[in-house]
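The figures here come from the full heavy-atom set of this structure, side chains too, leaving out hydrogens, waters and symmetry mates.
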Amino acid sequence: MQKLELLPPINAKIGDIFEISIPSNPSSTGYNCLLSEMPHCVYFVESAYVPDEPTMPGKGGTSKFKFLAVKKGDGKIIFHSVRFSHPPEILEPTPMQQRFVIIE
């Protein structure tokens with residue numbers, strides 16, 4: 001397994017809502033970006049897929065994930081690309097799919 005270089009940490013205060021955006025293309029690749037790990041200091045709020053404009057078959061977009069900072073702490077938020085086949089195919093996270101969060 002290769003070592004990932006992390007992007008700069010996300011700093012938030014208790015009560016803040018923050019968003020993580022990840023490039024995605026589920027209609028073309030068949031892989032969906034899924035939340036697989038998060039620290040106890042945040043709650044998952046919602047996710048949405050926003051296609052790039054103009055919308056065309058096979059064109060990519062962005063998976064957006066919102067979180068609420070609920071208590072002081074820190075930890076990793078990790079996403080995986082998953083294809084729902086039998087058995088499911090799960091790719092190792094890219095640097096864009098691994099973020100560190102610090103809640104103050």
Side-chain angles (χ1 to χ4, degrees):
M1 184 167 85
Q2 73 183 49
K3 185 177 178 183
L4 296 175
E5 289 191 32
L6 297 179
L7 296 173
I10 296 169
N11 292 287
K13 292 183 171 36
I14 295 171
D16 287 351
I17 293 176
F18 61 92
E19 183 175 274
I20 297 174
S21 297
I22 301 171
S24 185
N25 192 352
S27 62
S28 179
T29 65
Y31 286 93
N32 289 286
C33 186
L34 301 177
L35 173 64
S36 57
E37 183 179 324
M38 65 183 194
H40 295 284
C41 56
V42 300
Y43 287 170
F44 171 73
V45 176
E46 67 182 4
S47 67
Y49 175 75
V50 180
D52 291 339
E53 295 291 332
T55 304
M56 295 186 313
K59 192 168 183 182
T62 304
S63 293
K64 296 183 178 216
F65 298 86
K66 285 187 181 178
F67 298 89
L68 172 65
V70 294
K71 63 182 175 181
K72 288 185 179 187
D74 58 44
K76 292 179 187 175
I77 298 176
I78 299 176
F79 304 88
H80 280 86
S81 293
V82 178
R83 180 183 288 168
F84 294 100
S85 56
H86 188 69
E89 293 179 42
I90 303 171
L91 302 180
E92 287 297 317
T94 67
M96 287 293 295
Q97 292 175 310
Q98 184 168 325
R99 299 300 301 268
F100 195 82
V101 63
I102 301 167
I103 309 301
E104 299 174 352

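Between P8 and R99 the shortest heavy-atom distance is O-NH2, 3.2 Å. Taking all atoms of both residues into account, the shortest heavy-atom contact from P87 to S85 is O-OG, 2.8 Å. Here the shortest heavy-atom pairing between A69 and V42 reads CA-CG1, 4.4 Å. Looking at every heavy atom in both residues, L68 comes nearest to G15 through CD1-O, 3.6 Å. When all heavy atoms of M96 and L7 are compared, the pair lying nearest together is SD-CD1, 3.7 Å. Nearest heavy-atom pair, V70 versus H40, reported as atom, atom and distance to 0.1 Å: CG2-O, 3.9 Å.
Cluster membership for Y43 and I10, using ILVMFWY side-chain heavy atoms within less than 4.5 angstrom, is not shared.
Looking at residues two or more places apart in sequence or on another chain, you find a side-chain hydrogen bond (donor to acceptor under 3.5 Å, both in side chains) between E89 and Y31. Scored by the side chain to side chain contact (heavy atoms under 4.5 Å, CB included) test, L35 finds M38, F44, F67, I77, F79 as partners (sequence neighbours excluded). Listed by chain and residue number, E46 satisfy the salt bridge (Lys or Arg N to Asp or Glu O under 4.0 Å) test with K66 (two or more places apart in sequence, or in another chain). Remark: S36 engages H80 in a side-chain hydrogen bond (donor to acceptor under 3.5 Å, both in side chains) (not counting sequence neighbours).
At least one donor-acceptor pair closer than 3.5 Å links the side chain of Q97 to the backbone N or O of T94. A donor-acceptor pair is defined here as one N or O able to donate and one able to accept, closer than 3.5 Å; such a pair exists between the side chain of Y49 and the backbone of G61.
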Evaluation steps, side-chain contact (heavy atoms from CB on, under 4.5 Å), between I102 and E104: CA-CA 7 Å; I102 301 167; E104 299 174 352; 4.2 Å; yes
Extract all donor-acceptor atom pairs below 3.5 Å that involve side chains of residues 19-26 and protein atoms in other chains or at least two apart in sequence.
| from | atom 1 | to | atom 2 | distance (Å) |
| --- | --- | --- | --- | --- |
| S24 | OG | S63 | OG | 3.3 |
| N25 | OD1 | S28 | N | 3.4 |
| N25 | ND2 | G58 | O | 3.1 |

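Its side chain within the 4.5 Å cluster rule, F84 clusters with L34, V82, I90 among the Ile, Leu, Val, Met, Phe, Trp and Tyr residues.
The closest side-chain heavy-atom distance from I103 to K13 is not below 4.5 Å.
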